[in-house]
> 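Have a look at this one before I ask anything.
Owing to the predicted nature of the structure, the values given are computational and were not obtained by experimental measurement. Side chains included, hydrogens not; waters and symmetry mates left out as well; all remaining heavy atoms used.
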Amino acid sequence: MSTEPTADPAEARPTLITRLYIGGRQFGPLGWLGFAGLSLIVAIAAAAAIYRWVDEPLMRRFAGRRAVRPPATTRDPVDRVTASVGP
């Protein structure tokens, strides 16, 4: 019988990636930095693709029309009639 606790496979994946690609002093700090940079680029590209080809078409199809707002009026913060000083 094994005395090791059984871990959830979903929890083991990040440690497996760390052990295979980053750990074990196979690549060093520059390898880790490169892997982190590559992961960041892939994540940004995936987010941009999802936005472009999923979110925008859905919003065009199902979003309601925007209400037209009247232009904002600018008011003079000082009332010239009551602010006059003198006789």
> Applying side-chain contact (heavy atoms from CB on, under 4.5 Å), name anything that partners Val54, two or more places apart in sequence or on another chain.
Ile50, Leu58

> If you link I, L, V, M, F, W and Y whenever their side-chain heavy atoms are under 4.5 Å apart, who else ends up in the same group as Leu38?
Val42

> Keeping to residues at least two apart or across chains, list the salt bridge (Lys or Arg N to Asp or Glu O under 4.0 Å) pairs with something in residues 33-50.
none

> Tell me the salt bridge (Lys or Arg N to Asp or Glu O under 4.0 Å) pairs involving residues 29-51, sequence neighbours left out?
none

> Scan residues 30-53 for pairs that pass salt bridge (Lys or Arg N to Asp or Glu O under 4.0 Å), counting only residues two or more places apart or in two chains.
Arg52-Glu56

